[in-house]
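First up is the structure itself, then whatever we jot down about it.
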Number of protein chains: 2
Amino acid sequence: MVKPTLMDVAAAAGVSYATADRVLNRRGGVAEKSVLRVLAAIEQLGYTRDVTAANLARGRSYNYAFLIPAQAGTFFGEMRAAVKAEAKARASQRINIMIEEVPAFNSDGLAEVLESYIDRDLSGICLVAIDSPRVRKAIQALRAKDVFVLTLVADTQSDSRDAYIGLDNLAAGRTAGRVLSLASRDGGVVLPIAGSLDATDHALRFKGFKQAITFDVTVLPVIESFDRPENVADAVRSTLEAHPNLTGIYSIGSGQNGLFAALSEVQKSVTYQRPVVVLHDLVGSVRTALTIGLVDAVIDQKPDQQIARALDAMKALSDGETLPPDFGTIVPSLYFQDNMPPAPADGPEKGPSL
Amino acid sequence: MVKPTLMDVAAAAGVSYATADRVLNRRGGVAEKSVLRVLAAIEQLGYTRDVTAANLARGRSYNYAFLIPAQAGTFFGEMRAAVKAEAKARASQRINIMIEEVPAFNSDGLAEVLESYIDRDLSGICLVAIDSPRVRKAIQALRAKDVFVLTLVADTQSDSRDAYIGLDNLAAGRTAGRVLSLASRDGGVVLPIAGSLDATDHALRFKGFKQAITFDVTVLPVIESFDRPENVADAVRSTLEAHPNLTGIYSIGSGQNGLFAALSEVQKSVTYQRPVVVLHDLVGSVRTALTIGLVDAVIDQKPDQQIARALDAMKALSDGETLPPDFGTIVPSLYFQDNMPPAPADGPEKGPSL
DNA sequence: CATTTTTTGATAGACGTCTATCATTTTGAG
DNA sequence: CTCAAAATGATAGACGTCTATCAAAAAATG
């Protein structure tokens, strides 16, 4: 009942360990019939290689790097924390993870860091892509050196990386639309605020949003805030003035502080019911706003899950597996005050025990 | 830059490998000052034990068992599939997982299976608890043999098992209440249907539901269906007759087919807007109902995540770690048509390659 | 049949750790 | 200082696999 070893396989196949090993590791120079017998034995015994022992013998360890934009207090902050947590958790399994801060919104800065990684002994690298010729070239150079390249959150051209892990933005937008439609069942007016529709993620969210809006709900023209809090606040204020009957707001991008400011003004004057507010990413201030009921629903892209998924993907690729088609698709989560996950804490402590 | 080994630690501490080992594994018989030097070296080098090598040397493997109720086509079916998937994925890491079917709703049947596991060499066992003296006794017997016992989905007394992994039912109910409140903003009438309020999970969901309902929404008396489809169908039909203005239905338990039957009748007669329907567990027929728009929102308890969590918990316990307080709490997920996760498929194939 | 080529067997040393044993050194008590 | 007790060092064999090497056997070639 114990797990069979390659020795057992060899014995069952009636060959030597060496031959079984040659088959398993495709070293060649084995007669057809022996190959078959070994494979049959593997099949019959249900043998699976003990990967940990194999890695030990090979002296192999997995080195991965994560390039996370330096942008404090945002979604990327959570992401960094998640990477750190995973790094700690997997340290004892021969998985080494490096975290590097890269300047935000700066393709040359990103490219520079990428280029600096070309000669480190890496198995995989994970980055939030900013498309530019230089970045693309750096990625190609890495892949040419057998480094797996995954994009996270933001993608490049799909043929220039090995996988993309990121939110299904269309689904996210549709979810937002669904919530606001439900909340405006007898007709209503809703306001979408995006950062910029030139950003593909925002554009996709907006598209999904419109898809899910039911016919009797009016969607006001989308406002582009360029993620500046003042712009968001102004937009909300002036819209509320023009449409006192506003039933919903969908904040597609960032600049949430402006949103909160404008909303708390409304909350004080109780003359009308405040619109239902849906926004993105359950981070710091958003969490607070949801808790105190300043906003109603948050669509989250689960940074921790994305990191875990990315690592699983890189490990699988390193082990020569292929990823299922939509492995990287992150389904948006919808959180109310009521089903908010606990704020991320540090993982379980462990001493150097047993 | 390579990962330090215990040899390196010993060298840095100026002691022999044997002494370093004695400290690391708490074998005793080491002078205080040596202990300190070794610990300092561990700290300074950032040494972490290579657990895989340690397990290899110890000949240790983790044997876990999952007892899943035999109930085809339900939530537990998904759960079984998830266990199978995890079993495959972790087979190469010295983790062996056995799945056993146990009769549903049968405490003696469960106890019998538990008793039969007393002499197998297990590190942990995971079960959907049905409380009974015999079951409790069997659990105690297992724990006395250093088997970790986790309850899944349904709990026993909290002091008689090592951890409970399960849905936060109160949060689930609140989430449902929130959705129906949102959808009934200008007042409305909602109907809760439970299986039985004697079941703690249903009672908790109902409690949370009432908490989250806003003041201007009327909650009809809860109907207990005992999870029989006919009862559910009858309840829905008669309530719709009595309250043509019904705005929402919350189906707390099972018997969903009756719900679907009654709803599709309503859908045909388009005289009024059908109530918003919230129910539990994204399985088979529920998935279909959500896709075609027969129901609006599904609260899911993520069986796959529960299994993964349970395994992580058992592994952590086996490794002598302690679990953070609410490690087992599963936050309910809310799915609309728009953010439904893909149906569970089989994991990535891998040959006996490299 | 002799010779080359292909296939197989046997085995050693490594990977990082565990466990155990035995010898040696250091320490503390009397 | 003596002697026992405590602490330390050195080392070997194991875990399951990888890689490499050398010799032996089997098969194919002429």
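What you see below is based on every heavy atom in this structure, not just the backbone, and it leaves out hydrogens, waters and symmetry mates. Lettering follows sequence order; numbering is per chain, from 1.
- Applying the 4.0 Å criterion to OP1 and OP2 of C:dT8, one finds that A:Ser34 has a side-chain N or O inside that range.
- In this structure, A:Ser16 does not reach the C:dA10 phosphate: none of its side-chain N or O atoms is under 4.0 Å from OP1 or OP2.
- Looking at heavy-atom distances under 4.0 Å, B:Ala31 makes contact with sugar-phosphate atoms alone, never a base.
- By the neighbour-count criterion of 12 heavy atoms within 6.0 Å, atom CD of A:Glu43 is sparsely surrounded, having that number or fewer from other residues, nucleotides or ligands.
- Qualifying salt bridge (Lys or Arg N to Asp or Glu O under 4.0 Å) partners for A:Asp312, counting only residues two or more places apart in sequence or in other chains: A:Arg90.
- A:Glu101 pairs by the salt bridge (Lys or Arg N to Asp or Glu O under 4.0 Å) definition with A:Arg80, not counting sequence neighbours.
- Two residues, A:Met7 and B:Thr19, neighbour DNA chain D, and the one matched to the more 5' nucleotide by heavy-atom proximity is B:Thr19.
- A straight line from CG of B:Asn25 to P of C:dT19 spans 6 Å, rounded to a whole angstrom.
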Identify every side-chain donor-acceptor pair in residues 32-39 of chain B under 3.5 Å, counting partners at least two apart or on other chains, and give the distances.
unit_1, atom_1, unit_2, atom_2, d
B:Arg37, NE, B:Ala13, O, 3.3
B:Arg37, NH2, B:Ala13, O, 2.9

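- The minimum heavy-atom distance linking A:Ala111 with A:Ala138 is given by the pair O-CB, 4.3 Å.
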(request) Summarise how protein sits on nucleotides 22-28 of chain C as a single string, 5' to 3': B when a protein heavy atom is under 4.0 Å from the base, S for sugar-phosphate-only contact, - for no contact. (result) -------
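- The CZ atom of A:Arg27 sits 13 Å away from the P atom of D:dT17 (whole-angstrom rounding).
- Sequence order on DNA chain C of the closest nucleotides to A:Ala18 and A:Glu32 puts A:Glu32 first from the 5' end.
- Look at CG on A:Asp21: it is 15 Å from C1' on C:dT7, rounded to the nearest Å.
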Mind listing the side-chain donor-acceptor pairs of residues 119-128 of chain A below 3.5 Å, one per line with the distance, residues two or more places apart or on another chain?
unit_1, atom_1, unit_2, atom_2, d
A:Asp119, OD1, A:Lys145, NZ, 3.2
A:Ser123, OG, A:Asn63, N, 3.2
A:Ser123, OG, A:Asn63, O, 3.4

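- Residues satisfying the side chain to side chain donor-acceptor pair (under 3.5 Å) criterion with B:Gln305, sequence neighbours excluded, are B:Lys302.
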Provide a list of protein-nucleic acid N or O atom pairs under 3.5 angstrom, restricted to nucleotides 12-16 of chain D.
unit_1, atom_1, unit_2, atom_2, d
D:dC15, O2, B:Leu56, O, 3.4
D:dC15, O2, B:Ala57, N, 3.0
D:dG16, N2, A:Ala53, O, 3.4

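- Annotation: salt bridge (Lys or Arg N to Asp or Glu O under 4.0 Å) contacts of A:Arg136 (sequence neighbours excluded): A:Asp131.
- The salt bridge (Lys or Arg N to Asp or Glu O under 4.0 Å) test applied to B:Arg309 returns no partner, not counting sequence neighbours.
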